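Written below as structure tokens is the structure these notes are about.
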Amino acid sequence: MTNEGRGTDGRGRGAVAGEAAGVSWAVVEAAEPALAGLVRERFGLFKHHVLATLRKDGAPRLTGLEADFRHGELWLGMMTGARKVQDLRRDPRFSLHANPGPGTDMEGGDVRLSGRAVEVTDPAPVARYAAEVRPPEPFHLFRAEVTEVVRISHDGPYLMLTSWRPGRPLRTVRRLTDDPSLLVD
């Protein structure tokens, strides 16, 4: 794997002041294996997810994306010419929301990741990825530097919000829901 862009904001500069540095998916798995397992499982339920990037004018752009966890990294592959590629080259910040699936039961919870996307241009890791995944070519490959992981789920009458950021402990907030169908007698 290449270390291209590690420790930078994706444009060759250090992370924005006050903003946590992003980490590889392997670091998330080592720090919080239970949460990381739930997140990977949730993303594995469906092929397509929703990526949020920032347009040139700062407005959000939502697009579909396939997320791929392999070799300790979260990979984001994109077709050549996609606007999201231009967005990430200009401003690497992103959020990725797992496909919620059909219905309203939140099976597996509601999961999202945020971070910075670093474009991988080194031919060796790009070729390795292409050989394993067989994406439509040509394509752009980005490696996610994760800055936040969030899972929202139900536990009886409670809405459970679990979040993790690099360098901080896991945080879980339990809120009582107002939904009468979830209240336990």
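Every value quoted in this text rests on a predicted model; they were computed, and no experiment measured them. Index from 1, following the sequence.
- Using bins of under 30°, 30° to 60° and over 60° for the plane-to-plane angle, the ring pair His49/Phe43 lands in the perpendicular bin.
- Annotation: the span from Asp68 atom CG to Lys47 atom NZ amounts to 10.5 Å, rounded to 0.5 Å.
- Annotation for Pro169 and Trp164: closest pair C-CD1, 4.4 Å, computed over non-hydrogen atoms.
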Open item on the list: I'd like to know whether Glu66 forms a side chain to side chain contact (heavy atoms under 4.5 Å, CB included) with His48, so could you lay out the CA-CA distance, the side-chain angles of the two residues, the decisive distance to 0.1 Å, and finally the verdict.
Closed with: CA-CA 5 Å; Glu66 296 175 25; His48 297 100; 3.4 Å; yes
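- Here the closest non-hydrogen pair linking Leu65 and Gly77 is CD1-O, 3.4 Å.
- Two residues are said to be in side-chain contact when any heavy atoms from C-beta on lie closer than 4.5 Å; Tyr158 and Leu176 meet this criterion.
- Heavy-atom contacts from other residues, nucleotides or ligands closer than 6.0 Å to CZ of Arg70 number more than 12.
- Looking at Asp110 and Arg151, their side chains never come closer than 4.5 Å, going by heavy atoms from C-beta outward.
- Between the side chain of Arg42 and the backbone N or O of Pro100, at least one donor-acceptor pair lies under 3.5 Å.
- Rounding to the nearest 0.5 angstrom, the gap separating the CD atom in Glu29 from the CZ atom in Arg40 is 5.0 Å.
- The hydrophobic cluster containing Leu54 does not contain Leu88, counting ILVMFWY residues as joined when their side-chain heavy atoms lie under 4.5 angstrom apart, directly or transitively.
- Summarising the geometry, atom OG1 belonging to Thr162 is positioned 11.0 Å from atom CZ belonging to Arg174; distances are rounded to the nearest 0.5 Å.
- Of all the heavy atoms in Val28 and Val149, the pair that sits closest is CG1-CG2, 4.1 Å.
- Checking side-chain atoms of Thr147 against main-chain N and O of Ser114 turns up a donor-acceptor pair under 3.5 Å.
- Cluster membership check: Val50 does not share its hydrophobic cluster with Leu96, using side-chain heavy-atom separations under 4.5 Å among Ile, Leu, Val, Met, Phe, Trp and Tyr.
- Not a single donor-acceptor pair under 3.5 Å links the side chain of Lys84 to the backbone N or O of Arg61.
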- [ ] Apply salt bridge (charged side-chain N to carboxylate O under 4.0 Å, His left out) to the pair Arg55 and Asp57, showing each step before the final yes or no.
- [x] CA-CA 5 Å; Arg55 297 172 190 249; Asp57 67 0; 5.3 Å; no
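- Hydrophobic clustering, with ILVMFWY side chains joined whenever heavy atoms are under 4.5 angstrom apart, groups Trp75 together with Val133.
- Atom CG of Leu38 sits about 11.0 Å away from atom CD of Glu32, to the nearest 0.5 Å.
- Atom-to-atom distance recorded for Arg175:CZ and Ile152:CD1 is 7.5 Å, nearest 0.5 angstrom.
- Following chains of ILVMFWY side-chain contacts shorter than 4.5 Å, one can reach Val27 starting from Leu170, so the two form part of one hydrophobic cluster.
- Across all non-hydrogen atoms, the minimal contact from Phe139 to Pro136 is CB-O, 3.6 Å.
- No more than 12 heavy atoms of other residues, nucleotides or ligands shown are found within 6.0 angstrom of CD on Glu41.
- The same ILVMFWY cluster, assembled from side-chain heavy atoms under 4.5 Å apart, contains both Phe69 and Val23.
- The shortest non-hydrogen separation linking Pro125 to Leu141 is O-CD2, 4.3 Å.
- The CZ atom of Arg112 lies 7.5 Å from the NE2 atom of His97; values are rounded to the nearest 0.5 Å.
- Contact between Leu74 and Trp25 at its shortest, heavy atoms only, is N-CB, 3.8 Å.
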